Amino acid sequence: MNKKFLAMLMFSSALLTATSSFAAGKDGIAAVVNGKEVKVSDIKVAYEANPMVKEKTSFDEFYGKTLDIFVDGEIVYQEATKSGIENDADYKKQLKALKEELARKIYLEKEVKKRVNNEAVKKLYQDYKNTFNGEKEVKAKHILVKDEATAKEVIAKFQKDGNFEKLAKEYSKEPADLGYFTKEMMVPEFGDAAFKLKKGEYTKTPVKTQFGYHVILVEDVREAKPQPLDKIEAQLKGMLAQKTMGDIIKELQSKATVTKYDAEGKVISD
């Protein structure tokens, strides 16, 4: 049974209902179907194989939501084997294709894992730090309103009582806090206005963009710095894995003898 496939079904099956479970089963057995055991460990494998599911759902929840699917899958599998499906031509054809794809996948994963080690990640991170170009960043808040008159009203009130948060809750169409950003991350009119301000300054006139009229308050100005390793390690590993996979395929290509033909049966010259 394809456990990954079953795990993905948990979000689309109309049969699912949330239940409470200690995810232990009875002595490690989740169910017995016509004498055949469905083990808790099988469900655990499916859970561990799906990072997106694991991130949002505890194993107890996953267990409760997928147990019926595993049981139904076992019922169908038993019936399929009784029918002699393993002797079916379509079954054999698809099984061959699946085995070939699985062999390619596992081989490449193992080869990539050998090469994408901590030393390779640290080297790539050092390259990133050495080539990092610092940019100016500002940390700002804004109040977005629909018309210029309202924006001017906001500015007048801010000049009077200085409570930006209170005005944002009362007037703004969007959350006020924008965090840190570079000029290029914003639409030109907004970026130009924000980056003319110093720390603690605000726009004395409304800033018009395609979204409406903004009142901008700059809270901090800094030079961007390289991200710490722990923040981008996963991204670096992904980049290395992609490059390494390409390198492995090129190495294999260089050692292989290949003859290719076009649609008319003529040899293709590389």
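It should be emphasised that the depicted structure is a prediction, and the values quoted were computed from it without experimental measurement. Sequence positions, counted from 1, serve as the residue numbers for this chain.
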Just do the side-chain contact (heavy atoms from CB on, under 4.5 Å) check on Tyr261 and Ile268 with the steps written out, would you?
CA-CA 5 Å; Tyr261 303 91; Ile268 298 173; 5.5 Å; no
Derivation of the side-chain contact (heavy atoms from CB on, under 4.5 Å) call for Glu148 and Lys152
CA-CA 6 Å; Glu148 187 175 12; Lys152 287 181 177 179; 3.6 Å; yes
Let me see the working for Glu86 and Thr81 under side-chain contact (heavy atoms from CB on, under 4.5 Å), right down to the final yes or no.
CA-CA 7 Å; Glu86 293 172 350; Thr81 53; 3.8 Å; yes
Steps toward side-chain contact (heavy atoms from CB on, under 4.5 Å) verdict (Val207, His142)
CA-CA 10 Å; Val207 178; His142 78 141; over 6 Å; no
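For the pair Glu201 (side chain) and Lys198 (backbone), a donor-acceptor distance under 3.5 Å is present. Side chain of Tyr128 to main chain of Gln227: a donor-acceptor pair is present (N/O by atom type, distance under 3.5 Å, no hydrogens or angles). For Asn163 (side chain) and Lys166 (main-chain N/O), a donor-acceptor pair under 3.5 Å exists by modelled atom type. Panel note: side chain Asn50, backbone Met52; no donor-acceptor pair is recorded below 3.5 Å.
Counting only N and O atoms by type, the side chains of Lys157 and Tyr171 include a donor and acceptor under 3.5 Å apart. Residues Thr209 and His214 bring a donor and an acceptor atom of their side chains to less than 3.5 Å of each other. Remark: the Tyr202 side chain and the Gln159 side chain contain an N/O donor-acceptor pair separated by less than 3.5 Å.
With rounding to the nearest 0.5 angstrom, the NZ atom of Lys204 is 9.0 Å from the CD1 atom of Ile155. Rounded to the nearest 0.5 Å, atoms NZ (Lys36) and CD1 (Ile75) are 12.5 Å apart. Here the CD1 atom belonging to Ile69 is positioned 10.0 Å from the CD1 atom belonging to Ile43, to the nearest 0.5 angstrom. The line from CG of Asp192 to CE of Met186 is 12.5 Å long, rounded to the nearest 0.5 Å. The distance from atom CG of Asp88 to atom NZ of Lys93, rounded to the nearest 0.5 Å, is 11.5 Å. With rounding to the nearest 0.5 Å, the separation of NZ in Lys169 from CD1 in Ile143 is 12.0 Å.
Contact between Val138 and Val221 at its shortest, heavy atoms only, is CG1-CG2, 4.1 Å. Annotation for Ser172 and Leu144: closest pair OG-N, 3.1 Å, computed over non-hydrogen atoms. Shortest non-hydrogen contact noted between Ala151 and Val215 is O-CG2, 3.7 Å. Taking all atoms of both residues into account, the shortest heavy-atom contact from Lys173 to Phe211 is NZ-O, 3.5 Å. What you find for Phe195 and Lys183 is that their closest heavy atoms are CZ-N, 3.1 Å. Across Gly200 and Leu217, no two heavy atoms sit closer than the pair O-CD1, 3.9 Å.
A salt bridge links Asp247 with Lys243: the closest approach of a Lys/Arg side-chain nitrogen to an acidic carboxylate oxygen falls below 4.0 angstrom. Under 4.0 Å is where a charged nitrogen must lie from a carboxylate oxygen, and between Lys54 and Glu48 at least one such pair does. Look at Glu119 and Lys122 and you find no salt bridge, because none of the NZ, NE, NH1 or NH2 atoms lies under 4.0 Å from a carboxylate O. Salt bridge Glu165/Lys141: present, at least one basic N to carboxylate O contact under 4.0 Å. Classification of Glu101 and Lys105 as a salt-bridged pair fails, no side-chain N sitting under 4.0 Å from a carboxylate O.
Under a hydrophobic clustering in which Ile, Leu, Val, Met, Phe, Trp and Tyr are joined whenever their side-chain heavy atoms come within less than 4.5 Å, directly or via other members, Phe132 and Leu229 fall into the same cluster. In the hydrophobic cluster analysis, where Ile, Leu, Val, Met, Phe, Trp and Tyr join through side-chain heavy atoms closer than 4.5 angstrom, Phe164 is grouped apart from Phe190. Tyr77 and Tyr91 end up in different hydrophobic clusters when Ile, Leu, Val, Met, Phe, Trp and Tyr side chains are linked at under 4.5 Å. Taking hydrophobic clusters as Ile, Leu, Val, Met, Phe, Trp and Tyr residues chained together by side-chain heavy-atom distances below 4.5 Å, Val187 shares a cluster with Val218. Side-chain heavy atoms closer than 4.5 Å link hydrophobic residues (I, L, V, M, F, W, Y) into clusters, and following such links, even through other members, never connects Met185 to Tyr180.
Results of the side chain to side chain contact (heavy atoms under 4.5 Å, CB included) test with Tyr107 over Leu102, Leu252, Val112 single out Leu252 as the only residue that passes.
Between Lys136 and Glu223, the closest side-chain pair of non-hydrogen atoms falls below 4.5 Å.
By the 6.0 Å contact criterion, CD on Gln242 is open, its count of non-hydrogen atoms from other residues, nucleotides or ligands being 12 or less. For Lys110, the NZ atom is loosely surrounded, since the number of other residues' heavy atoms within 6.0 Å does not exceed 12. Summarising the local packing, CD of Glu100 is surrounded by more than 12 heavy atoms from other residues, nucleotides or ligands at distances under 6.0 Å. At most 12 non-hydrogen atoms from other residues, nucleotides or ligands lie less than 6.0 angstrom from NZ of Lys237.
A cation-pi geometry, defined here as NZ or CZ lying under 6.0 Å from the six-membered ring centre and within 45° of its normal, does not hold between Lys65 and Tyr63.
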